[in-house]
**Q** 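Sending over a structure as structure tokens; questions will come in a sec.
Side chains included, hydrogens not; waters and symmetry mates left out as well; all remaining heavy atoms used. Numbers restart at 1 for each chain; the letters A, B, ... are given by sequence-line order, proteins then strands.
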Amino acid sequence: MLLVPCPHCGPRNQSDLRLVGESHSRPNPNTATREEWGSYLYLRDNPADWLTETWYCRAGCRQFFKLERNTATNEFRNPPMPGDKIGIAPYTTIDVGSSGNQAGANADGGATFTRRMDGGEK
Amino acid sequence: MTASNANGARARLGGLLGRGGDRPPRYSAGALARKGLTGEAWPRVWQDHDLKKTYDVIIIGAGVHGLATAYYLATNHGITNVAVLDKGYVGGGGSGRNTAIVRSNYLTPEGVAFYDRSLDLYNSMAADLNINVMFSERGHMTLAHTDSALRTMHWRAEVNKLQGINSSVIGPDEVKGLAPSLDTTSHPRYPILGALYHPPGGIIRHDAVNWGYARGADHLGVEIHQKTEVYDILVQGGELAEGKGAGGKVTGVRTNRGDISAPIVVNCTAGWGSLISAMAGVRLPITTHPLEAAVTEPVKVFLPTVVVSGSLHVYVSQTDRGELVFGASVDPLNTYSMRGSLSFTEELAGHILELMPSVSKMRLLRQWAGLCDMTPDYSPIMGFTPVEGHLTDVGWGTYGFKAGPVSGETMAECIATNTTPKLIEPFKLERFNDGTLVGEKGAAAVGH
């Protein structure tokens, strides 16, 4: 079992955390092509090398953050420090209504919601 | 199919007449006695070759999938100018690390059809390849510990019956009758409520399967190159750097023994599949996870069937030597490291003792791990890719060994006819763009 350097809780057992997976930036769902969306959902680099991943500290601070891990040796490097805003994506408004509808405007039944996204550039 | 049957019949006839015909020297009781008495050496099972400059087909990965593909290319389609490259040795990856269980009681019609054909091929393998693969058709039990699991078992049994697969749900008394060492009382935390019983399932000697295909392919003219690592796949005309990527065309590979040219390069490298296809500029929906297994000291045979428990994440069978072989689900962490972990052993021991309290004094001999190439829908990725001439047979995850023969047969057909056979049509790479995923929930014996 690995010791995972949580930026808030310190080193914790791997079983206290969940590995969310490779960190990738999320394409804009309003403009992404089918291929871009398919790539985002399914395709992975899966290198035998250093990889930036998203972790979720489920039994501790319950925060999402990014860590760099070498998938061949399972070493971590440059773990974030408490207070680093690493991996916390900004709140983004997603328009899931009909195209052309202004974000936030709900006139013709298009729903608008905000959600915190995991991803984005570090 | 007909060609392979004819070939098998010819091999059997050759055996009866005591001569191999165009086959390699045959293994038989007579030959064993003669060589035992005279000390005469057995001929090499497969030969070393110098790398040629060019081949018709290059297969990367000398495991059961790669070797079976090469063998069926030679037998069914007469394509023998084939090189099988491996950075290690024959059957050194997942093909030699799995728990050697074969079965066909899957859930999706696609899966059932596929594995049933594989089981047919395993059944006739010893005769076809003239090697004792020690196939023991001892039955396979998937235990149900909850009402919902029992419902799923009934569902699977009905799907299987519709497909003509021998599979049925049995109660705790019948479970006890088949495997008396199992605790079928109401005492355990997860009591045994029933099981999906699949008589045609069993275990097989995985090394013999690898060696049989290697030997058969080698004799038909296929070259097996061990310790030949592929550094790069050479592609021209693609949209990415160096001409790689979609729209490109494969021209060959670069290895530690020099460049080779070939119009077709097949990726059969399981856990390393992402790295190999990335060399051609193809990204795959695969993450690599280790799966750990363990084996105990040998004892007198007491467990006559393969026992699987989804809720307890464990499967166990007893080999002909008397060792108990255990496997579990994949580790939650994607990694290329094959180090064993104490947490695996602890969990495994706890779960096994819940099933079979009587084995508490048995000692583990060793544990190991193999790399599984997990896909989002637990189904493989077979056939063509956006790069012309680059084919994949990867994404098998936790159950590649069971599918080895039929994958080889269908991949060979795919390569030889340049069309996707119907049996593997659902497993194409494009399904991840189309959203037509094949959710094979019966994929691994244990939960995901």
**Q** Please report the interatomic distance CD(A/Glu35) to CD(B/Glu430), rounded to the nearest 0.5 Å.
**A**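 A/Glu35 atom CD to B/Glu430 atom CD measures 10.5 Å (nearest 0.5 Å).
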
**Q** Under a 4.5 Å cutoff for heavy-atom pairs, which residue among B/Thr375, B/Ile286, B/Asp434 has the most contacts with chain A?
**A**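 Among the listed options, the one with the most contacts to chain A is B/Ile286.
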
**Q** Checking A/Arg18 against chain B: side chain, backbone, both or neither under 4.5 Å from a heavy atom?
**A**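 For A/Arg18, there is no contact with chain B at all, as no heavy atom is under 4.5 Å.
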
**Q** Under 4.5 Å heavy-atom distance to chain B, tell me which part of A/Leu43 shows up: side chain, backbone, both or neither.
**A**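 Its backbone and side chain both get close to chain B.
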
**Q** Is it true that atom OH of B/Tyr190 has more than 12 heavy atoms of other residues, nucleotides or ligands lying nearer than 6.0 Å?
**A**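 At most 12 heavy atoms, drawn from other residues, nucleotides or ligands, come within 6.0 Å of this atom.
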
**Q** Tell me which of these, A/Gly38, A/Ala48, A/Ala72, has more heavy-atom pairs under 4.5 Å with chain B than the rest.
**A**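 The option with the most such pairs is A/Ala48.
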
**Q** Around atom CZ of A/Arg77, are there more than 12 heavy atoms from other residues, nucleotides or ligands closer than 6.0 Å?
**A**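 Count over threshold, so yes.
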
**Q** Does a side-chain heavy-atom distance below 4.5 Å link B/Leu333 with A/Asn74?
**A**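 In short, these two side chains touch, coming nearer than 4.5 Å.
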
**Q** Please state whether the side chain, the backbone, both or neither of B/Leu437 comes within less than 4.5 Å of a heavy atom of chain A.
**A**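 For B/Leu437, side-chain heavy atoms alone lie under 4.5 Å from chain A.
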
**Q** In a check of side-chain hydrogen bond (donor to acceptor under 3.5 Å, both in side chains) between A/Asn46 and each of B/Asp373, B/Thr287, B/Thr288, which one passes?
**A**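 Exactly one candidate clears the test, B/Thr288.
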
**Q** Can you find a pair of side-chain heavy atoms, one from A/Leu51 and one from B/Asn334, that are under 4.5 Å apart?
**A**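 The answer is yes; the side chains approach within 4.5 Å.
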
**Q** Do B/Ser343 and A/Met1 have side-chain heavy atoms sitting under 4.5 Å apart?
**A**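 A side-chain contact under 4.5 Å exists here.
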
**Q** Measure distances from A/Leu41 to the heavy atoms of chain B and classify the residue's part below 4.5 Å as side chain, backbone, both or neither.
**A**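 Interface part for A/Leu41: neither.
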
**Q** Which distance, rounded to the nearest 0.5 Å, do you find between the CG of B/Asn433 and the CZ of A/Arg34?
**A**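 The distance works out to 6.0 Å.
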
**Q** State the CZ-OG1 distance between B/Arg339 and A/Thr73, to the nearest 0.5 angstrom.
**A**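 Reported to 0.5 Å precision, the distance equals 10.0 Å.
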
**Q** Closest approach of B/Phe432 and A/Tyr42, non-hydrogen atoms and distance?
**A**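 Shortest heavy-atom contact: O-CD1, 3.4 Å.
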
**Q** With distance as the sole test, does B/Ser274 use its side chain to make a donor-acceptor pair with the main-chain N or O of A/Asp45 at under 3.5 Å?
**A**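 Judged by distance alone, no pair lies under 3.5 Å.
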
